[in-house]
Amino acid sequence: MRPFCGTIGSILSLFLPMTVLWGQGRPDPLVTDRPDQTESPTVVRPGFFQFEAGFTVAGERQGGTRENSIAVPQILFRVGLAPGLEARVGVSGWMRRSVTSDGVDRDQTGFGDTNLGAKLRLLGGGSSQSEVAVIGTATIPTGSPEFRAERVIPEIRFAAAHSLSERVSLGANVGVVLTGMVDGAGGISTDADVLYTAVIGAGLSDRVGAFLEAFGTLPANGGRATAHSLDAGITFLQAAAVQFDVLGGVGLNAAAEDWFVGAGVSVRVPR
């Protein structure tokens, strides 16, 4: 099963902070890095803390094998350290994978890995219509054996956003992730994947937003299939610093998950 994350080619465009697009004159809007796969270039302000959590259910079928999975709660903590710089800690949460093959059911349960990183704004911010940031992270093998990575997985991505109007934005991420895979001789080989995301979002009202997104992965060193997916979702701003979201998506080729759905909530403190 492909990991539920965005990835591919050489899109170096723009990114959309996926949240409600506020009316003109409203200060300090809540900008989150969920529910889409596109990370926002917006950085949490110093002295502020942002908590983003949710769950994802996914499934796919390949030949006579069917696989379903769930992850809950998928948590991201974001803390503003300095102007234009934030620290990030992600937790995959509890996971379950159910595989049915040749009439035999197999279940695996456990906890996923931890992700540590930082986001640095490179351009824009404030009232600028365009913004660019770089995000560096590392997945640390802290999970249960069934879901633990073979070794530390570094990732770097560039995130960009551009507002077309008060209510419409475009955006994208492009980056590289390095994964370790156990080879036939028992050693660990390094695989590189180029990742991409591209998204358009619209504020349907002062509280409700919607997005449509394409994302995927492109193996940089061959030997594996590319994966492309499409998703869409809705965000609802319950209060100035509380947002709820729902999303759903489908895989566009055999290497991607057939379908996935999810929901979550984001909170900023202080408000």
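Side-chain contact between Ile234 and Phe244 is absent, with no heavy-atom pair separated by less than 4.5 Å. Residues Val199 and Thr197 have side chains not in contact (no heavy-atom distance under 4.5 Å, counting atoms from C-beta outward). Contact check for Ile140 versus Val152: side-chain heavy atoms found under the 4.5 Å cut-off. In this structure, Phe211 and Asp231 have side chains that are in contact, with non-hydrogen atoms separated by less than 4.5 Å. The shortest distance between side-chain heavy atoms of Ser229 and Glu257 does not fall below 4.5 Å. Between Leu76 and Asn115, the closest side-chain pair of non-hydrogen atoms is not below 4.5 Å. Between Ser98 and Asp107 there is a side-chain heavy-atom pair separated by less than 4.5 Å. At least one side-chain heavy atom of Asp33 sits less than 4.5 Å from a side-chain heavy atom of Glu52.
For the atom pair CD1 (Ile70) and CZ (Arg97), the distance works out to 13.5 Å, reported to the nearest 0.5 Å. To the nearest 0.5 Å, the span separating CG on Asp36 from CD1 on Ile200 amounts to 13.0 Å. Considering CG of Leu218 and CG of Asp193, their distance stands at 8.0 Å, rounded to 0.5 Å. Going from atom CD of Gln129 over to atom OG of Ser169 covers 9.5 Å, rounded to the nearest 0.5 Å.
When atom types are taken as modelled, the side chain of Ser144 and the backbone of Glu146 share no donor-acceptor pair closer than 3.5 angstrom. Side chain of Arg268 to backbone of Gln50: no donor-acceptor contact under 3.5 angstrom is found. Using a distance-only test at 3.5 Å, with no hydrogens or angles considered, no donor-acceptor pair links the side chain of Glu39 to the main chain of Asn173. Side chain of Asp105 to main chain of Thr100: no donor-acceptor pair is present (N/O by atom type, distance under 3.5 Å, no hydrogens or angles). Between the side chain of Arg78 and the backbone N or O of Arg88 there is no donor-acceptor pair closer than 3.5 Å. Looking at Ser92, its side chain does come within 3.5 Å of a backbone N or O of Asp113 through a donor-acceptor pair. Using a distance-only test at 3.5 Å, with no hydrogens or angles considered, no donor-acceptor pair links the side chain of Arg96 to the main chain of Asn68. Judged by distance alone, with hydrogens and angles left aside, the side-chain atoms of Thr42 form no donor-acceptor pair with the main-chain N or O of Val31 at under 3.5 Å.
Cluster membership check: Val91 does not share its hydrophobic cluster with Met95, using side-chain heavy-atom separations under 4.5 Å among Ile, Leu, Val, Met, Phe, Trp and Tyr. Note: the hydrophobic cluster containing Ile75 also contains Val79 (ILVMFWY, side chain heavy atoms under 4.5 Å, direct or indirect links). Val261 and Leu247 sit in two unconnected hydrophobic clusters of ILVMFWY residues. Membership requires side-chain heavy atoms under 4.5 Å apart, directly or through other members. The hydrophobic cluster containing Leu81 does not contain Ile135, counting ILVMFWY residues as joined when their side-chain heavy atoms lie under 4.5 angstrom apart, directly or transitively. Hydrophobic clustering, with ILVMFWY side chains joined whenever heavy atoms are under 4.5 angstrom apart, keeps Val267 apart from Phe48.
Residues Ala82 and Pro46 approach most closely at C-CG, 3.3 Å, considering heavy atoms. Contact between Ala241 and Leu30 at its shortest, heavy atoms only, is C-CD2, 3.8 Å. Nearest heavy-atom pair, Gln108 versus Phe147, reported as atom, atom and distance to 0.1 Å: O-CZ, 3.6 Å. Nearest heavy-atom pair, Asn253 versus Ala227, reported as atom, atom and distance to 0.1 Å: OD1-CA, 3.6 Å. Across every non-hydrogen atom of Arg148 and Pro141, the tightest pair is CG-CB, 3.5 Å. When all heavy atoms are compared, the tightest approach of Ala255 to Ala225 is CB-CB, 3.8 Å.
When only modelled atom types and interatomic distance are considered, Thr235 and Asp245 share no side-chain donor-acceptor pair under 3.5 Å.
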Exercise for the section: Decide yes or no on side-chain contact (heavy atoms from CB on, under 4.5 Å) for Glu155 and Leu195, but give the supporting numbers first. Expected result: CA-CA 10 Å; Glu155 176 186 311; Leu195 65 84; 3.8 Å; yes
Exercise for the section: Please step through side-chain contact (heavy atoms from CB on, under 4.5 Å) for the pair Ser40 and Lys119, ending with a clear verdict. Expected result: CA-CA 10 Å; Ser40 164; Lys119 181 192 295 187; 4.2 Å; yes
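The side-chain contact (heavy atoms from CB on, under 4.5 Å) with Asp258 is formed by just one residue from the set Glu67, Arg66, Glu60; it is Glu60. Just one of Val177, Thr179, Thr114, Ile153 meets the side-chain contact (heavy atoms from CB on, under 4.5 Å) condition when paired with Thr139; it is Ile153.
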